[in-house]
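Report on the following structure.
In what follows, chains are A, B, ... by sequence order, proteins preceding strands, each numbered from 1. Atoms considered below: every heavy atom in the structure, side chains included; atoms not considered: hydrogens, waters and symmetry mates.
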There are 4 protein chains.
Amino acid sequence: MFQIDDKSNVAIYEQIIWKIKELRLRGVLRPGEKLPSVRELSAMIIANPNTVSKAYQELERQGVIETRQGKGTFMAEAMSNMPDPRYRAAIKEQLQRMVIDAIYAGLSLPEIQSWLQEEFEKLGGGKDA
Amino acid sequence: MFQIDDKSNVAIYEQIIWKIKELRLRGVLRPGEKLPSVRELSAMIIANPNTVSKAYQELERQGVIETRQGKGTFMAEAMSNMPDPRYRAAIKEQLQRMVIDAIYAGLSLPEIQSWLQEEFEKLGGGKDA
Amino acid sequence: MFQIDDKSNVAIYEQIIWKIKELRLRGVLRPGEKLPSVRELSAMIIANPNTVSKAYQELERQGVIETRQGKGTFMAEAMSNMPDPRYRAAIKEQLQRMVIDAIYAGLSLPEIQSWLQEEFEKLGGGKDA
Amino acid sequence: MFQIDDKSNVAIYEQIIWKIKELRLRGVLRPGEKLPSVRELSAMIIANPNTVSKAYQELERQGVIETRQGKGTFMAEAMSNMPDPRYRAAIKEQLQRMVIDAIYAGLSLPEIQSWLQEEFEKLGGGKDA
DNA sequence: GTGGTCTAGACCACG
DNA sequence: GTGGTCTAGACCACG
């Protein structure tokens, strides 16, 4: 279920965040579903509990998961979209950098477009799988 | 010509790298053109010369710019595309993360597609502007 | 284990790079083995941490070592050979310059051949010691 | 006759030194032959006269060329070998670094041996062509 | 504790 | 004037 890349430049806690969001979008994790505890997940992926904890805190801040005292951590019932304009701007910059790198890697627009569509479909396009 | 965001999470030297690639793709910087010296650019963007130097070194390693001893730094004549498969995989991951964030931000596929096309056109799509 | 020559014309960070590659080839450093931290090595060889850091960064770029976030730096598992033709050309030039200097120093072909063989054997000839 | 690589990491004055030694070893430049003046050579290779001057000074110091006041610069009559042990040690280090790089580039001993022999023969092996 | 980034500034080789 | 190397040291993210 869970693959983390030790050697990646992307911080492990960020990999966890993206992975959980991805699993949510793909319908593998469902609303209200219980997540592994910090200790369980850190054991599963061989990471420091602090690292998992940091990921969970950030996910909670974003409304993706919820902690219920004494009961554990759960996927949120609703998928919160954050229509924060600053957030949109950040994504646009992410896309701009990706496009620059892509052109330098010799990728064509149709190629990236097909990747984009493929990813969107794999993730259900937000249609709350 | 050159805007650097102090408060960004993206490191200054990385911002410089992307900016120079962007200006190259948009045709603002042309093949063989002389770049500002390390000291000049660091004065322009109010950064430390070492930071600019690090960006220039990485750009040289990527074949984007060239250093000629005692003469300064120049845009490379040819735009090197790097058909390195590892590099393509890294870009695909970049795109995957962007899509996850985009869906969570409530963006639709058509919206991102139009952003993508817009960016590609703005950057000449590698058609060596 | 680690000797750096202060007075050499070869930059300290380059000496570190060659030394680590040499120790790897001689089997002193083994795949997956933990390297001294930047701070430790800089203390060992009495150099600035930044200098060691620069060497480590270049070694990582070449695939010789790997950095794992917050865990330290490790020898890569596999020895990456880089069959980059530009790289081969650079080595041939290195050899050409060495031969010119050798002839001017009055060295004969058999002498250099025996040095070459000796070095190759000492380094295991890439047979992944 | 003379090729200098602007973009090489090897300093231009060092390229000139190696080139003149190479031409001498290959018999293109002969003992006692007149060399182009500093100004002529700097014009030929589009370099700064100071750069050529530095190369000539170093070549003279090594006994490869001779300056005769008011007459110009000439190849030395005899090929001076310098059996300086420090010099031999430096060449051995040069060879060691080359071998390390070669193994990392996936080159085999026979390959380098054949390169070595080839170069030696091309340069007359010091047999004062 | 670990490496990454950045500043400040020195010194030097090269051109 | 140009970039390359190095020192000294701060601050921070990550684990």
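In this structure, B:Phe74 places its CZ atom 13 Å from P of E:dG15, rounding to the nearest Å. One interatomic measurement links the two molecules: CD1 of A:Ile45 to C1' of F:dC14, which rounds to 14 Å at whole-angstrom precision. For the pair C:Glu66 CD and E:dG4 P, the interatomic distance rounds to 13 Å; values are reported in whole Å. Across the protein-nucleic acid pair, B:Gln69 atom CD and F:dG3 atom P stand 12 Å apart, rounded to whole Å.
For D:Gln94 (side chain) and D:Ile91 (main-chain N/O), no donor-acceptor pair under 3.5 Å exists by modelled atom type.
DNA chain F is contacted by both C:Ile12 and A:Ala11; C:Ile12 maps to the nucleotide lying nearer its 5′ end (nearest heavy atom per residue). Comparing B:Ile46 and C:Tyr56 along DNA chain E, the residue whose closest nucleotide (by nearest heavy atom) sits nearer the 5' end is C:Tyr56. Comparing C:Arg39 and B:Gln57 by the nucleotide of DNA chain F whose heavy atom lies nearest to each, the residue mapping closer to the 5' end is B:Gln57. Residue C:Thr73 is the one, among C:Thr73 and D:Val10, whose nearest nucleotide of DNA chain E lies closer to the 5' end (criterion: closest heavy atom).
Here the nucleotide nearest the side chain of C:Glu40, chosen from E:dG4, F:dT2, E:dT2, is E:dT2. Closest contact between the side chain of B:Lys54 and the listed nucleotides F:dA8, E:dT5, F:dC14 involves E:dT5. Considering only side-chain atoms of B:Tyr13, the nucleotide from E:dT5, F:dG4, E:dG15 that sits closest is E:dT5.
Nucleic acid contact for A:Asn48: sugar-phosphate only, since backbone atoms but no base atoms lie under 4.0 Å from a heavy atom of the residue. D:Asn50 comes within contact range of no nucleotide atom at all, as no heavy-atom separation falls under 4.0 Å. Within the 4.0 angstrom heavy-atom criterion, no nucleotide atom of any strand lies near C:Arg68.
Residues forming a salt bridge (Lys or Arg N to Asp or Glu O under 4.0 Å) with A:Lys19 (at least two apart in sequence, or on another chain): A:Glu22.
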